[in-house]
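Below is one structure, written out as structure tokens; the observations come after it.
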Protein chains: 2
Amino acid sequence: MGRRNKSKFAILGLLSTEPMSGYDIKRAAEASIGYFWQEGYSSIYPNLKKLLSEGLVSNKVEAQTPGPDRIVYSLTEKGWEELKAWLMLEPEPEPVRNELLLKLFFGEHLDAKHQIRYLEKARVANEIRLKSLQSIVARLKSELPDQSGLPYWLITLKFGIHTRTALDAWFEETINDLKTVVKGSGSKPFTKFVLKAADGGKNVE
Amino acid sequence: MGRRNKSKFAILGLLSTEPMSGYDIKRAAEASIGYFWQEGYSSIYPNLKKLLSEGLVSNKVEAQTPGPDRIVYSLTEKGWEELKAWLMLEPEPEPVRNELLLKLFFGEHLDAKHQIRYLEKARVANEIRLKSLQSIVARLKSELPDQSGLPYWLITLKFGIHTRTALDAWFEETINDLKTVVKGSGSKPFTKFVLKAADGGKNVE
DNA sequence: GGACCCATGTAAAGGGTTACATGATTCA
DNA sequence: TGAATCATGTAACCCTTTACATGGGTCC
């Protein structure tokens with residue numbers, strides 16, 4: 001059962017930090033959990049209604065002298081309980097789909113220059129993200145040293161830093177490999193090789 | 001437009017290595033691209049029909065003396081062209097959703113023992129995968145040194161090895177952090193902090 | 001006899017993304 | 001005047017996942 005609605009809990013989590021409107025939630029999501037969790041308006045607004053009908057959040061209309069009305073949502077007691085209960089559950093391993101790897105895996109049919117082009121682009125994007133994560137860590141530590149959430153925010157940021165650093169090394173290695181690739185003459189498929197093996201990389205969960 | 005059907009190309013790619021039945025495709029997918037791309041029967045069989053009607057694959061019924069008939073699919077010339085054209089396109093950055101990180105980000109509301117429990121489990125699973133990838137690399141190099149696909153298979157395997165090694169370090173660090181976590185007294189939300197900042201980690205694509 | 005593998009599918013449900021839709025305010 | 005931001009939503013589509021369904025063969 002991996003089809004459960006997790007957006008609901010992302011929204012509850014964000015509302016647990018402070019009351020917000022749907023619009024705020026979108027912006028807060030981008031700014032905080034954005035690099036590992038994305039939500040669009042079309043998931044936020046319907047979910048807020050659902051959460052309201054389940055009694056997990058309450059709302060209040062705030063009129064703004066200049067500008068449109070805002071509908072501000074807050075967590076209810078019940079909402080807090082649901083959130084905490086969910087946080088305790090072991091996360092389900094989510095199925096991964098990596099289009100870049102899929103294209104590289106079947107890359108022998110292609111002139112390597114195409115792959116090098118998009119790998120170099122992806123590498124630059126990765127480096128920018130990495131630097132941005134590092135600067136956020138530095139600023140958090142110096143500007144918000146006493147916040148109770150700090151250790152947890154740092155944990156998620158360090159996840160990004162660890163994996164993106166590793167990714168950068170892989171990009172460099174891979175681009176170099178592709179620049180000097182020498183193809184063998186055989187054409188046995190990988191699939192056969194692994195299938196024949198006792199248990200190459202099977203069902204290790 | 002991230003809604004395009006990529007399963008089709010995964011199937012074309014697998015069929016490019018050799019003709020297979022739907023059942024074979026499932027097994028071959030698990031054995032080769034399984035750790036970064038999953039396909040189920042309910043996506044394979046309908047897609048094979050679609051590919052057939054588009055003329056990208058052809059099929060042939062093979063009777064087996066013992067056992068049920070097999071419907072074996074092969075790439076057509078047109079299928080080859082479509083596959084190559086797709087391989088040249090720059091991969092779209094896919095939205096990431098990491099439930100583990102989501103739970104950790106809001107983890108301050110929780111007793112750390114829950115997180116430590118599932119982190120330790122996840123770490124073991126990660127280590128097993130890592131070792132399996134390393135052994136596949138070793139075996140490929142020694143047993144299939146001359147195959148033209150080898151450099152590309154190694155590239156995807158090394159991706160897994162790099163990122164999972166980094167992940168292992170992060171697991172260790174994180175579990176230690178959580179065992180000794182000392183919470184601050186403040187309760188400013190992270191979101192406000194980043195939103196106020198000029199451009200903490202925004203829209204870096 | 002029961003469990004498990006081979007082999008091929010269908011149906012329903014659910015979630016997420018894209019595109020569409022509206023309207024006010026602010027800034028250049 | 002036009003572009004961008006604030007603010008809230010709806011509708012349709014597509015894909016994926018889960019569950020259901022069938023039937024023969026093999027091994028213990």
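Just so we're clear, the structure is a prediction, and the values are computed from it rather than from any experiment. Letters A, B, ... mirror the listed sequences (proteins, then strands); counts begin at 1.
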Does a side-chain N or O of [X] approach OP1 or OP2 of [N] to a distance below 4.0 Å, or not?
X       : N      : value
A:Arg97 : D:dT16 : yes
A:Asn5  : C:dG16 : yes
A:Tyr45 : D:dT8  : yes
A:Ser7  : C:dG16 : yes

Atom-pair distance ([atom1] on [X]; [atom2] on [N]), nearest Å:
X       : N      : atom1 : atom2 : result
B:Ile44 : D:dT17 : CD1   : C1'   : 13 Å
A:Phe9  : C:dG15 : CZ    : C1'   : 14 Å
A:Asn47 : C:dG16 : CG    : P     : 7 Å
A:Tyr23 : C:dT22 : OH    : C1'   : 15 Å
A:Gln38 : C:dT17 : CD    : P     : 8 Å
A:Arg27 : D:dA4  : CZ    : P     : 17 Å
A:Arg70 : D:dG9  : CZ    : P     : 12 Å
A:Lys26 : D:dG9  : NZ    : P     : 16 Å

Determine whether B:Lys6 and B:Glu92 satisfy the following criterion, salt bridge (Lys or Arg N to Asp or Glu O under 4.0 Å), listing intermediate values before the conclusion. CA-CA 11 Å; B:Lys6 286 164 193 168; B:Glu92 305 169 4; 3.6 Å; yes
With heavy atoms under 4.0 Å as the rule, sort A:Gly40 into base, sugar-phosphate or nothing. nothing
Look at all strands and tell whether A:Lys49 reaches a base, only sugar-phosphate, or nothing, counting heavy atoms closer than 4.0 Å. sugar-phosphate
Decide yes or no for B:Leu140 and B:Leu157: does some side-chain heavy atom of the first lie under 4.5 Å from some side-chain heavy atom of the second? yes
Decide whether a cation-pi geometry holds between B:Lys103 and A:Trp86; the criteria are a distance under 6.0 Å from NZ or CZ to the six-membered ring centre and an angle within 45° of the ring axis. yes
Would you please say whether a donor-acceptor pair under 3.5 Å links the side chains of A:Trp37 and A:Glu39? yes
Using only heavy-atom distances, decide whether a donor-acceptor pair under 3.5 angstrom links the side-chain of B:Ser21 to the base of C:dT8. no
hbond_proxy B:Ser42 side chain to D:dT18 base (donor-acceptor, 3.5 Å cutoff): yes
The answer to which of A:Ser43 and B:Tyr73 contacts DNA chain C further toward the 5' end, by nearest nucleotide, is B:Tyr73
Among B:Val72, B:Ile11, B:Leu14, which one satisfies side chain to side chain contact (heavy atoms under 4.5 Å, CB included) with B:Met20? B:Leu14
To the side chain of B:Tyr41, which of C:dA7, D:dG9, C:dT8 is closest? C:dT8
